[in-house]
Each structure stands twice: as structure tokens, then as C-alpha cells.
Amino acid sequence: MKVALVQEQHQGDGAANQARILQHLEAAAAAGCQLVLLQELHQGPYFCQQECAAEFDRAESIPGPTTEGLARAAHQHGLVIVGSLFERRAAGLYHNTAVVLDADGRLAGCYRKMHIPDDPGYYEKYYFTPGDLGFRPVETVVGRLGVLVCWDQWFPEAARLMALAGAELLLYPTAIGWDPADTPQEQAHQREAWITVQRGHAIANGLPLLACNRVGFEAEASAPGGGSQFWGSSFVCGPQGELLAQAPQDAPALLMAEIDLDRSEDVRRSWPFLRDRRIDAYGDLGRRFCDSA
């Protein structure tokens, strides 16, 4: 299956972002792609760098304008599209939600981000209620998609539960970058950790994995000179963690790759991690921390 990842920078407003996305979707379809993954919160800026009540105006319902636009493109081009948006579920109740549009334009399913960060420049707990849909793959014409979102990528439990529920590949729309004040060494450590942990999820579960990140600098309105430099580096890897394609750190890209879903069967026969799990011994995973006392 040929897949595409749309790594983009914020164009200044939602209409401009949408236009760029539609161009990429057309190009991906023309190149024979069947599945396209978009980055986290692709309709606008990464607004979580500050806590501001006015930002809640960006939220929209599902179905809503973004899903309807993606649905039209999915139907027009025969693509499965994984998008990401700020969901307004009710007044005062919002989620960071991934949506999956099947190739006929149908809304095949959603995933609400489960792990919500609260760090300098990433004040997501102010905006997003933790997800309540669990770790359930979305069934599409190209397979069962294990869709997770950004901060979820650091938690092996999330990827494992998607795999145990029958996901055939793992997908992560994400928005992660550096504080410009970080040293070059610290920036390199962070980026390599981000790549490495996700390749580890692919290996541990014997599944291909797609991670699509933002790129470019986005200023923080409340801190002159501050902001985030999103490091791009979107990538596709196979079920042994092998890199199949990777985008640059500093430029938009339509990244395409070929993945073989059947290969997971062969890899899992050689490395039968699911067979050898000691599920009888993992009870403490349900605890916050195992105190020595």
C-alpha cells in the first residue's frame, strides 16, 4: 500500500491551511496513494503555547466543517484520510480528536487523545478533556488503523493496546518541536528520542508506523521572541523499526512510502512478542507507581 504524510507549516489562517492540504491530497492521489495522514491540529496554529479562553472559538463539532471538507476530498480522490482537529463536544467540553474518513467519504471513526501534556509551550490540559473512546482501531478499506495523537507516542501501553485490539498499522498525527533556547545538543537528544520511541512501538508490536509532524516556527503571542520550532522529521517505518521514508526537519513535504501490511505476519512469526507476554505478571501496570514500602 502506498501512503502519504502531509508535513506542513502554518500558513496564517485556516483557509490557507485547507488549500495547501487539498493540494497535497490531490498530489497524493495522483501518485497512487491510498492512505494520507495529516499533522496534529492541521487547520490552524498550534494554539496551546498559552492559556487563552478565546482560543476555544477554534473548536468545532464532529461532523463539522473540517470533517465535511475532508470527506469530500476522500470521496473525490478515493483516499482514506486521517485528520486532526479541536473538537467541541459541548459547551466547556473539548477534545483533541483524530478523525478517519474512508475512501467513500464516510466518517469511519474517531479517536480522542488520551494522554494530555501540560508543559511550558504545551498547555493542553487547559484546552482538552482526556479521551474516553479507548484504544480501538478504526476499520477502513485499507485496514484497521490504530490512530493515536502526539503525546500518546511516548506511552508504550497505548500502542500495545491498539495492537491487541487488532490494529494493522499505527498512526500518529503530532505537533512537537524545540524551545529555541535549547542547546543544539538538547534539541538533537529530543528529536532522536521522539523517533526512537516510536520505532520501538513498531518493533514491539510488529506493525508499520506513520508519524506526521508539523514544521516551522510558530511564535507565542504572550511571550515576545518565544515560540516553538517544530522539527518536522515525519517518517514511516516498518514492523522491525526500519525507516522507509523520512521528511526534512526544516521544510514542508509530501512524504510517500510503500508499506507491506502482510509483512507483519512474517515478522511476528520470527519475533512472537505477543505469544511470550507474561500477562499473569503485569498487574502492577494498573498502579501509578510501585512504592518500595
Would you check if [X] and [Y] make a side-chain contact, meaning some heavy-atom pair closer than 4.5 Å?
| X | Y | answer |
| --- | --- | --- |
| Gln246 | Val236 | no |
| Phe217 | Pro180 | yes |
| Val197 | Trp154 | yes |
| Phe56 | Tyr126 | yes |
| Ile259 | Leu169 | yes |
| Pro117 | Lys125 | no |
| Ile203 | Val267 | no |
| Trp151 | Ile176 | no |

Return the minimal non-hydrogen interatomic distance between [X] and [Y], and the atom names on each side.
| X | Y | result |
| --- | --- | --- |
| Ser228 | Gln49 | N-OE1, 3.4 Å |
| Gln7 | Ser233 | OE1-N, 3.2 Å |
| Thr97 | His95 | OG1-CB, 3.3 Å |
| Ala165 | Pro137 | CB-CD, 3.4 Å |
| Leu254 | Ala28 | CD2-N, 4.0 Å |
| Val36 | Val6 | CG1-CG2, 3.8 Å |

Are there more than 12 heavy atoms of other residues, nucleotides or ligands under 6.0 Å from atom NE2 of His115?
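More than 12 within 6.0 Å, yes.
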Exceeds 12 heavy-atom contacts within 6.0 angstrom, atom CD of Glu26
no
Looking only at the side chains, is there a donor atom on one of [X] and [Y] sitting less than 3.5 Å from an acceptor on the other?
| X | Y | answer |
| --- | --- | --- |
| Glu40 | Asn96 | yes |
| Asn17 | His42 | no |
| Glu220 | Tyr46 | no |
| Thr66 | Glu60 | yes |

Would you say the rings of Phe86 and Phe128 are close, in the sense that their centroids are separated by under 6.0 Å?
yes
Phe235/Trp194 aromatic ring centres below 6.0 Å
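Ring-ring flag for Phe235/Trp194: true, centres closer than 6.0 Å.
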With a 3.5 Å distance limit and no angle check, can you tell me whether [X] reaches the backbone of [Y] through a side-chain donor-acceptor pair?
| X | Y | answer |
| --- | --- | --- |
| Gln229 | Val215 | no |
| Asp102 | Val141 | yes |
| Gln11 | Gln9 | yes |
| Ser234 | Asn213 | yes |
| Asp13 | Ala16 | yes |
| Arg144 | Gly166 | yes |
| Arg214 | Gly232 | no |
| Tyr122 | Ile116 | no |

Using the test salt bridge (Lys or Arg N to Asp or Glu O under 4.0 Å), find all partners of Glu242 that sit at least two apart in sequence or belong to another chain.
Arg263
Do [X] and [Y] share a hydrophobic cluster, counting only Ile, Leu, Val, Met, Phe, Trp and Tyr and linking them when any side-chain heavy atoms are less than 4.5 Å apart?
| X | Y | answer |
| --- | --- | --- |
| Val82 | Leu70 | no |
| Val80 | Leu22 | no |
| Tyr123 | Val149 | no |
| Ile81 | Ile62 | yes |
| Leu171 | Leu255 | yes |

Between Gln43 and Ile21, is a side chain to side chain contact (heavy atoms under 4.5 Å, CB included) present by the stated rule, with each step listed?
CA-CA 9 Å; Gln43 287 299 109; Ile21 289 167; 3.9 Å; yes
If the threshold is 4.0 Å, N to carboxylate O, is there a salt bridge linking [X] and [Y]?
| X | Y | answer |
| --- | --- | --- |
| Glu87 | Arg112 | yes |
| Glu157 | Arg160 | no |
| Glu8 | Arg20 | yes |
| Arg89 | Asp132 | yes |
| Lys113 | Asp152 | no |

Got a second to check how far [X]'s [atom1] is from [Y]'s [atom2], nearest 0.5 Å?
| X | Y | atom1 | atom2 | answer |
| --- | --- | --- | --- | --- |
| Glu265 | Glu168 | CD | CD | 11.0 Å |
| Gln198 | Ile195 | CD | CD1 | 8.5 Å |
| Arg191 | Thr196 | CZ | OG1 | 9.5 Å |
| Cys48 | Glu218 | SG | CD | 10.5 Å |
| Leu210 | Leu37 | CG | CG | 6.0 Å |
| Trp231 | Thr174 | CH2 | OG1 | 8.0 Å |

State which residues pass side chain to side chain contact (heavy atoms under 4.5 Å, CB included) with Ala163; sequence neighbours excluded, sorted by chain then number.
Asn205, Leu207, Arg268
Hydrophobic cluster partners of Leu285 (side-chain heavy atoms under 4.5 Å):
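Direct or chained contacts put Leu285 with Tyr282.
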